[in-house]
Amino acid sequence: MSSLSDTVVSAAINRPLSFKNPKYNPSRRHKPHRQLVSDEQKRLATLTLPVDAVTYFSVEAYPPLRPQKHYCDITGLKGHYKAPSSGLRFANAEVYQVVRTMAQGVDQQYLELRNANVVLK
Amino acid sequence: MTKTLIIDNGSYSVKIGYATDDLNWSPHIISNSIVRTKDKRLILGDLVDRNQNISGCFFKRPFERNQLTSWETEKLIWDYCFNSEDLKLHVNDYGNDPNDMNLILTEAPFTLPKITKNTDQIIFEEYGFKSYYKNITSSFVPFNWEQNEKLYQTNQLSGGDDKKVYKDYQLVIDSGFDSTYIIPVIYGMVYWEGVKRLDIGGRFLTGFLRELISFRYYDVTDETILVNNIKEQTCFVPINYNQSLEKLKQEKIRLGPRPKPGSINDNSMIVEYALPDYKTTTKGYLLTDELRKNINDVDELQIMRLYDERFSIPETLFDPAIATIKHRNGLIKTIYDSIYSCPELVRPLLVSNIVCIGGNFKFSGFKERLQLELKKVLPVEWDIRIGIDEDPIVYGWKSANCLATNHMEMYEKLCVNKSDYYEKGWGYVNEKLGCKLKGW
């Protein structure tokens, strides 16, 4: 089966296309999305637009007015508190004993679960 | 006769086909991706089903967050669509010639001007279509108003529209692979001031399910296709999230930690998914009562039980806080914002003409939930009518087909000819087809 799909694809990809202009030379370069967006930001900055102008950036859904809910990183209960040393959220004093005596690096593994860990580059 | 080719170029799949009189005909759906398999072969995304091993596939997609960034990839996929023997489109064979062919193309909303320019160049200089019309998918939906009325499933018809080409007021919710857009279309034109985007789409939901399964049961970080299948087959939108959680909890208590065989059936909230064993199945399947009867040794199968993942995943659209990393308004508040940024007079009219397109609306229970939630936030006297087609993926294509078959004279007014492009340049094309916004 795999050889069949291979031949079909290579036929589709390598087949000479009669309606194409052989002299056409595309001078485009692939730009990733991030770069395009920052280009757009720069371009918009040069224009004088009204405050309520619709742009690529203004159509995104608004952040909610209600504050974000936080949960305990260890137990999953409501986490009202945050450990100053590691940034872990915890539910009560009992859990804090666990957070405080945590071995080095373990706190980062807990934070990684909610993408809040420190990434060194 | 000049043929009209319609391409709905979505970020997950290309919907392609010639305009036909048969308005119920569904177009070909081609996966818009190129796949690198585990053994380092490159195949088109559409042929990956023929491949035996779907594990460890890496997808390269021309779309990146709803922007068509890589035409190099897209062109390969289009060339395959145009020439493949499977689809029988034969764009440059059998008497067909792009130089004598109209093209209707869809693009994502707020496509950046640079990318739009690339698209126009490729259409005219590379492929050389005779004439070409491009707009966002949602803008075609009002043309399909007869079908839209059927979708609302109410007997009460809004009168006076019989001779119209399009419906005057239409709110389209387009929930695709990369993001969800709320788009009001007034008098056949997109009302850009009311457009809102929610950055949650099928890609995010699949990714979220993959993380949940990897954290709770098995490591499936490489199995994008498998997770996507699981999502499509098991997920549904709950009417009430907290009630569903409570119901699931009761069921868990009743079954105990090790459910007896036969205690889980089609009526229970818990489902069992048979994972691929590469002997009997390479893709895995959902275990139903019928299958349980027919398979002798159910114990031999490697089974994954899915609990709250089934409805937590789609619920993310309504409450992104579930996924913790997105601090954004949910779908309902975004629809509300969109409606309230339209002129006051048309708001109730938009609400009574809502049509949902895009693959995410294949989740069962979506319509009921939307209806319920919108009722809570909108004034009582407004009549809420929501339409979701059986196949919301191709609904945009079918709507474009309505324009091409029933209203060719309209198309003639809208389109840009190749001769005009060569004479007046890209500025003219952009003026006619581009996004009419200040500073765009």
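Every chain is numbered from 1, with letters handed out A, B, ... down the list of sequences.
Counting heavy atoms of neighbouring residues, nucleotides and ligands inside a 6.0 Å radius, atom NZ of B:Lys418 exceeds 12 of them. Around atom CZ of B:Arg216, more than 12 heavy atoms belonging to other residues, nucleotides or ligands sit under 6.0 Å away. The environment of CZ in B:Phe215 is sparse: at most 12 heavy-atom neighbours from other residues, nucleotides or ligands sit within 6.0 Å. For B:Lys60, the NZ atom counts as densely surrounded, since its 6.0 Å shell holds more than 12 non-hydrogen atoms of other residues, nucleotides or ligands. Residue A:Tyr96 places its OH atom among more than 12 non-hydrogen atoms of other residues, nucleotides or ligands, all under 6.0 Å distant.
Atom CZ in B:Arg328 sits 11.0 Å away from atom OH in A:Tyr62 (nearest 0.5 Å). Residue B:Thr69 holds its OG1 atom at 12.5 Å from CZ of A:Arg34, rounded to the nearest 0.5 Å. Separation of atoms CG (A:Leu65) and CG (B:Asn329) is listed at 7.0 Å; rounding is to 0.5 Å. Taken to the nearest 0.5 Å, the CZ atom of B:Phe110 stands 6.0 Å off from the OG atom of A:Ser58. Atom CG of B:Leu68 sits about 11.0 Å away from atom CG of A:Leu36, to the nearest 0.5 Å.
At least one donor-acceptor pair under 3.5 Å links the side chain of B:Glu64 to the backbone N or O of A:His33.
Heavy-atom distances place the side chain of B:Thr334, and not its backbone, under 4.5 Å from chain A. For a residue to count as touching a neighbouring chain, one of its non-hydrogen atoms must lie under 4.5 Å from one of that chain's; by this rule B:Ile77 does not touch chain A.
Residues B:Lys114 and A:Asp39 share a closest heavy-atom pair of NZ-OD2, 3.1 Å.
Counting only heavy atoms from C-beta outward, the side chains of A:Tyr56 and B:Gln67 approach each other to under 4.5 Å. In this structure, B:Lys333 and A:Pro64 have side chains that are not in contact, with every pair of non-hydrogen atoms separated by 4.5 Å or more. With contacts defined as side-chain heavy-atom distances shorter than 4.5 Å, the pair B:Lys196/A:Val59 does not qualify.
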